Amino acid sequence: MTFRPAPRLSLCMIVRNERERLPACLDSVSGLVDEWIFVDTGSDDGTPEYLQECLPEAVILHQPWRDDFSAPRNAALQAASGQWILVLDADERLNPASYALLQHLIRQQPAPDSDGYLCLRVDYDAAGQPFAWHFLHRLFVRQPDLCYVGRIHERPCLGPDLLLRAQLRPDLLIDHLCEDADKPEKLARYEKILTLARAEEPSPLIDFHWATLPSVRETVPVAERLDVLLQAAEQLRQPVPAGQWAPLWALPPSEALILEIQYLMRESDQTERMLDWFSRWQDQPLCAESWSTYGLALHQAGQYEAAESALLKSLDPYYPASDPVQGWDSWRPLYALSDIYARRQAHDQAISCALQALLNGPEAAVAADIFAYLEVLLRDDAQGLQRWLYACRHQQKVLLQERQYATALQLGVCFLAHHLELEVLQRSLSAAWRLNQPELQPLLQSWGHLLWPQVSLFQHPVPPGGRTASAALFSRLFQALLPAMLPPPVYLNWQAEQTAHQVFWQDLFPQAWAEPYPLQGWQLQVLTANTKPSAALMRQLQALIALRPARLDVFIWRQSGLHLRLLPLPGLPGQTQVYPWQCMYLKPD
């Protein structure tokens, strides 16, 4: 008689039409599992046959699907005989980095105050990018009263009353491939089971998931959903009954619940209520978005000191983003912080935050607004503004070196909309050229030569596999360079002596100075006019006056017999003070 040791680890799985996904899942735990338990709920793709062929020793049970996840889970538990239970789904894998750790853990006894471990499951989209994470009961000791409770979002309990005690193990990773999570049929099944569960076993967890269903968000009024979620939140404050480790119903995740309540209060214009409500929940686990939402509301209310504290917490990696791939608009707290620091005259901090906001993913139009806003805040601080412009130039250079061409172009677009500088223009056109837009390259080339004939930055071929820039970003570049459809007015400010060439300039720019002075546009100061401008100078001048001027746009031409200044309005003739660091000296020939 052959002696067979008792199995140490039993793998328990529910399967249905998982023939394609099972090999990767099973391979990830090969060599760890002593006992394989599968419950098939109605496959018609050969899943049971595949399992029997590759794992002849496996226990394969068949159970009809009855809109209840706990039933097949419990069938698998009843068939298992291992000391430890590992639960996986077919679209999950044990992360290779956790293989040795799992091997170590199942050889040990759990801690006295624990029945197992909460594993960290990371959700990946179809492109293989992570977008969410959860701690789930997936590795625990088999016990006589162990059973699953709940039709959906089922949880392992000890008998009818006790949720399993477990230790958090963020280093025990399970990768979850959500390739079909958004399929209509899967969403419909999820909603059906959740509705049944809410009628049979009302709990804060089920209420939370019901209130956040896409169909519920579209059909149920905000006030009703908010009331349901507030009641669920209050359960987080209730003490655990004596003799229990946790109530039968699992509580909803506090991070997601609090954030959803904040969003609903903001959506229903209850900002003051949200500020008061959130202040009592800061002892709960929170995500970065919650601190950001709270801090932005405080900033809007003018409570700058409290806003700064909350916004800094939103950027602290200790508070995770609930959506780590798509992000959560981290440029918004950075933008608000730049405003707070600028109000304190802490311009270095304001510049740093604004630059990070520009580079943190807002669309081009919003990025341009951030750029313009900081310029307004710094309009009375020449040194602060100079540091801001230097930081932008330097960052664009770094981005090009790192081959982040789209971001370098976007930063250049923001800069060029206010300050037309050859260095930034060259880098922006170079970035645009490398973004692999063949149909736009001739246009970019001609515009570059129109503004500065000496520009020659189209020597390099497009890199193989170069990225494609968005049409919106190129549209912003064009607007920044030549918004010629509605050119701003140009007013002639003649300060030169009377010469035969005065008529030439007055024919080009017939507008005369008169009160009230315009709020935007250009004034062209003619200081010396003993000769006509060259063709190259006229091309530059025509290109520049098509742009909307910013406060510090000052262009100066000097050549034999000709001295011109192009300055932004408003301004009074003869009263414009020009600082050397503000000016761009152009060489037309």
Side-chain angles (χ1 to χ4, degrees), residues 4-15 18 21-38 54-55 57-59 73 76-77 80-125 128-143 146 148 153-158 163-178 245-246 250 253 255 285 287 317-322 324-325:
R4 299 186 63 182
R8 186 176 297 276
L9 179 65
S10 297
L11 175 69
C12 295
M13 296 183 63
I14 305 174
V15 293
E18 302 289 2
R21 294 193 284 196
L22 272 170
C25 174
L26 302 180
D27 286 346
S28 71
V29 292
S30 177
L32 294 174
V33 176
D34 303 295
E35 184 179 56
W36 307 82
I37 310 292
F38 301 94
C54 70
L55 296 168
E57 71 277 18
V59 176
R73 296 265 187 229
L77 287 180
S81 58
Q83 179 186 6
W84 288 89
I85 302 293
L86 174 66
V87 176
L88 290 177
D89 291 332
D91 56 359
E92 297 175 343
R93 323 274 187 268
L94 177 67
N95 188 289
S98 299
Y99 187 95
L101 173 63
L102 178 58
Q103 190 174 44
H104 169 75
L105 291 176
I106 61 177
R107 293 173 178 171
Q108 313 297 319
Q109 291 293 332
D113 59 346
S114 171
D115 298 304
Y117 301 99
L118 284 167
C119 305
L120 178 61
R121 190 183 76 172
V122 181
D123 298 337
Y124 291 83
D125 60 20
Q129 296 296 321
F131 67 90
W133 55 267
H134 317 271
F135 280 105
L136 300 174
H137 287 91
R138 290 305 182 85
L139 180 66
F140 41 84
V141 175
R142 185 176 62 88
Q143 301 182 56
L146 183 63
Y148 274 87
H153 298 293
E154 67 281 8
R155 55 268 181 201
C157 296
L158 293 176
L163 195 67
L164 278 185
R165 305 168 301 172
Q167 291 181 326
L168 286 176
R169 290 305 302 238
D171 50 351
L172 195 55
L173 296 169
I174 295 175
D175 299 333
H176 179 215
L177 311 181
C178 303
W245 295 107
E255 303 98 318
C287 60
Y318 174 80
Y319 300 97
S322 64
V325 172

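The model shown is predicted, which means the values in this text are computed figures rather than measured ones.
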- Is there any salt bridge (Lys or Arg N to Asp or Glu O under 4.0 Å) pair reaching into residues 97-112, and which pairs are they, with sequence neighbours excluded?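 Output for this query is empty, none listed.
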- Residues that Asp123 engages under salt bridge (Lys or Arg N to Asp or Glu O under 4.0 Å), provided they are two or more places apart: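 Per chain and number, Asp123 pairs via salt bridge (Lys or Arg N to Asp or Glu O under 4.0 Å) with Arg121.
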Can you name the closest pair of heavy atoms from [X] and [Y] and give their distance?
| X | Y | answer |
| --- | --- | --- |
| Cys119 | Ile174 | CB-CD1, 4.0 Å |
| Arg8 | Ile106 | CD-O, 3.1 Å |
| Arg142 | Ala80 | CD-O, 3.6 Å |
| Arg73 | Leu88 | NH1-O, 4.4 Å |
| Asp89 | Arg138 | OD2-NH2, 3.9 Å |
| Leu120 | Pro170 | CD2-O, 3.6 Å |

Return the [atom1] to [atom2] distance between [X] and [Y], rounded to the nearest 0.5 Å.
| X | Y | atom1 | atom2 | value |
| --- | --- | --- | --- | --- |
| Leu32 | Tyr99 | CG | OH | 3.5 Å |
| Leu9 | Trp36 | CG | CH2 | 9.0 Å |
| His176 | Leu136 | NE2 | CG | 9.5 Å |
| Asp115 | Gln167 | CG | CD | 10.0 Å |
| Cys178 | Glu92 | SG | CD | 8.5 Å |
| Leu105 | Arg169 | CG | CZ | 5.0 Å |

Using side-chain heavy atoms (C-beta onward) and a distance below 4.5 Å, is [X] in contact with [Y]?
| X | Y | value |
| --- | --- | --- |
| Tyr117 | Leu101 | no |
| Leu102 | His104 | no |
| Leu146 | Leu158 | yes |

- Message: Checking Gln103 now: which residues fulfil side-chain hydrogen bond (donor to acceptor under 3.5 Å, both in side chains) with it, not counting sequence neighbours?
- Response: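 Listed in chain order: nothing, the list is empty.
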- Message: Please determine whether side chain to side chain contact (heavy atoms under 4.5 Å, CB included) holds for the pair Phe38 and Val59, giving the CA-CA distance in whole Å, both sets of side-chain angles, and the decisive distance to 0.1 Å.
- Response: CA-CA 6 Å; Phe38 301 94; Val59 176; over 6 Å; no
I'd like to check the side-chain contact (heavy atoms from CB on, under 4.5 Å) partners of [X]; sequence neighbours left out, ordered by chain and number.
| X | value |
| --- | --- |
| Ser28 | Arg93, Leu94 |
| Asp27 | none |
| Leu22 | Met13, Val15, Glu18, Leu26, Thr47, Tyr50, Leu51, Ala90 |

